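A short write-up of the structure that comes next.
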Amino acid sequence: MLSQEPRPTLRIPGTTSHTIAPRAGSGGRQGTLRYLKAGTGAPLVLLHTVRTQAEHFRHLIPLVADHYTVYALDLPGMGYSEIVPGASYDEPAMRVGVERLLTELDLHDVTLAGESMGAVLALTTAADLPERVRRVVAVNTYDFRGGIARSSFLARVVISGVLAPGVGPVLAGVEPRPALSRILQGGLGDKSALREDYVDELLQVGARPGYPTVARAVYQSLPSLIAARSRYREVKVPLHLVYGEKDWSRPSDRQANKELLPAADFTQVPKAGHFIALERPDVLADLLNAVA
């Protein structure tokens, strides 16, 4: 069962928290999923980044809730979704979690909006479920080598340590506040966009029993996000690629995706980094509300 403790420390006005039980016959490989819901209108599903959760969209949700019924998902094992011992956290397994949300709630005419890892999952879910998906907004797709290690020297050291044999599981359970803050700030053009109460929330989730194992498994599975680019050409719904000018991706990474998805609209957000939902939620809201 989904643990009732700890509880989220952040409250997003107008949202309610819900859960989706595992499918019958899943053999214990699935866990309960938690999501936030707000607003009215056609469904908008928000998919968060590596090492975050549904509250990553705390500033975006109020800006779009008058146009959409918003579903912000905690991906499997992350946020307050259930941690299942031995579960996989590669791209296909996480995609199953997204697809459970769409199918269990019987959502149609869905706009999928994801950032980073969530952007990749939005694209692959649209490839799998075209009958349910209306459009995709993919923000700073995390589908290139290096990823968060491009954030800073500190990030390279920390991620290398977490992935190392032997000491990796130990280091995954050690997450000093200054280190987490510095790594996340490396994904922001405007460093002040990382709020202290958000860091508090992330640290609380990071202290959940079993979460260090999840975090390490997610980092180990990041190559599967690169492999998922092979699915992009299967996406037939309208698509908008969004990149921060200072995102970790290089111009060559962005150009490669533009060539894979030639029909996609393209927006580059000046001065923004990898976490646009934190520093420029107004830009994303304008893009989403314009096509609601």
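This is a predicted model, so every value here is computed, not measured.
Side-chain contact check for Ile12 versus His59: every heavy-atom pair is 4.5 Å or farther apart. With a 4.5 Å cut-off on side-chain heavy atoms, Leu241 and Leu261 count as touching. You'll find the side chain of Gln220 stays beyond 4.5 Å of the side chain of Tyr89, heavy atoms only. Side-chain contact between Ile148 and Arg51 is absent, with no heavy atoms from C-beta onward closer than 4.5 Å. You'll find the side chain of His67 stays beyond 4.5 Å of the side chain of Leu288, heavy atoms only. Annotation: side chain of Leu33 is not in contact with side chain of Asp74 (no heavy-atom distance under 4.5 Å). Under the 4.5 Å side-chain criterion, counting only non-hydrogen atoms from C-beta, Arg134 is not in contact with Val110.
A salt bridge between Asp253 and Arg145 is absent, with no side-chain N of the basic residue lying under 4.0 Å from a carboxylate O of the acidic one. Using a cut-off of 4.0 Å between Lys/Arg side-chain N and Asp/Glu carboxylate O, Asp128 and Arg231 are scored as salt-bridged. No salt bridge links Glu279 with Lys271; every basic N to acidic carboxylate O contact stays at or beyond 4.0 Å. One finds no salt bridge joining Arg135 and Asp109 here, because no Lys/Arg side-chain nitrogen approaches an Asp/Glu carboxylate oxygen to under 4.0 Å. Ionic pairing of Arg195 and Glu201 is not present here: no N-O contact between side-chain nitrogen and carboxylate oxygen is shorter than 4.0 angstrom. For Arg280 and Asp190, the salt-bridge test fails: no basic side-chain N is under 4.0 Å from an acidic carboxylate O.
A donor atom on one side chain and an acceptor atom on the other are found under 3.5 Å apart for Asn257 and Thr141. The closest side-chain donor-acceptor pair between Gln53 and Tyr198, if any, does not fall under 3.5 angstrom. Of the N and O atoms on the side chains of Arg254 and Ser249, at least one donor lies less than 3.5 Å from an acceptor on the other residue. A donor-acceptor contact under 3.5 angstrom links the side chains of Glu91 and Thr124, judged on distance only. Looking only at atom types and distance, the side chain of Tyr232 has a donor-acceptor partner in the side chain of Asp143 under 3.5 Å away. Side-chain contact of Thr49 with Glu115: a donor-acceptor pair under 3.5 Å is absent, judged by distance alone.
Both Leu239 and Val237 belong to a single network of hydrophobic side chains, linked directly or stepwise wherever heavy atoms of I, L, V, M, F, W or Y lie under 4.5 Å apart. Put simply, Leu287 and Tyr71 are part of two different groups of oily side chains (I, L, V, M, F, W, Y) that touch within less than 4.5 Å, one to the next. Leu10 and Ile61 are assigned to two separate hydrophobic clusters, defined by single-linkage of ILVMFWY side chains at heavy-atom distances under 4.5 Å. Hydrophobic clustering (side-chain heavy atoms under 4.5 Å, transitive across Ile, Leu, Val, Met, Phe, Trp, Tyr) groups Leu73 together with Tyr142. In the hydrophobic clustering of ILVMFWY residues, with side-chain heavy atoms under 4.5 Å counting as a link, Val50 and Leu203 come out together.
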Check the pair Gln204 / Tyr80 against side chain to side chain donor-acceptor pair (under 3.5 Å), numbers first and verdict last. CA-CA 10 Å; Gln204 174 170 280; Tyr80 295 92; 2.8 Å; yes

Dump the intermediate steps for side chain to side chain donor-acceptor pair (under 3.5 Å) on Arg34 and Thr19, then the final yes or no. CA-CA 4 Å; Arg34 175 249 193 179; Thr19 58; over 6 Å; no

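Shown here for Phe275 and Leu184, the closest heavy-atom pair between the two residues is CE1-O, 3.4 Å. The shortest non-hydrogen separation linking Ser151 to Gly187 is OG-N, 4.2 Å.
The backbone N or O of Thr32 lies less than 3.5 Å from a partner atom in the side chain of Glu82, making a donor-acceptor pair. Looking at Glu245, its side chain never comes within 3.5 Å of a backbone N or O of Gly273 through a donor-acceptor pair. With hydrogens and angles disregarded, a donor-acceptor distance shorter than 3.5 Å links the side chain of Thr69 to the backbone of Gly41.
Remark: Asp90 pairs with no residue by the salt bridge (charged side-chain N to carboxylate O under 4.0 Å, His left out) rule, at least two apart or across chains.
Around atom CZ of Arg11, more than 12 heavy atoms belonging to other residues, nucleotides or ligands sit under 6.0 Å away. Sparse packing is recorded around CZ of Arg182, with 12 or fewer heavy atoms of other residues, nucleotides or ligands lying under 6.0 Å away.
The side chain to side chain contact (heavy atoms under 4.5 Å, CB included) test with Met117 singles out one residue from Leu75, Thr52, Asn140, Leu47, and that residue is Leu75.
Less than 6.0 angstrom separates the ring centroid of Phe266 from the ring centroid of Tyr243.
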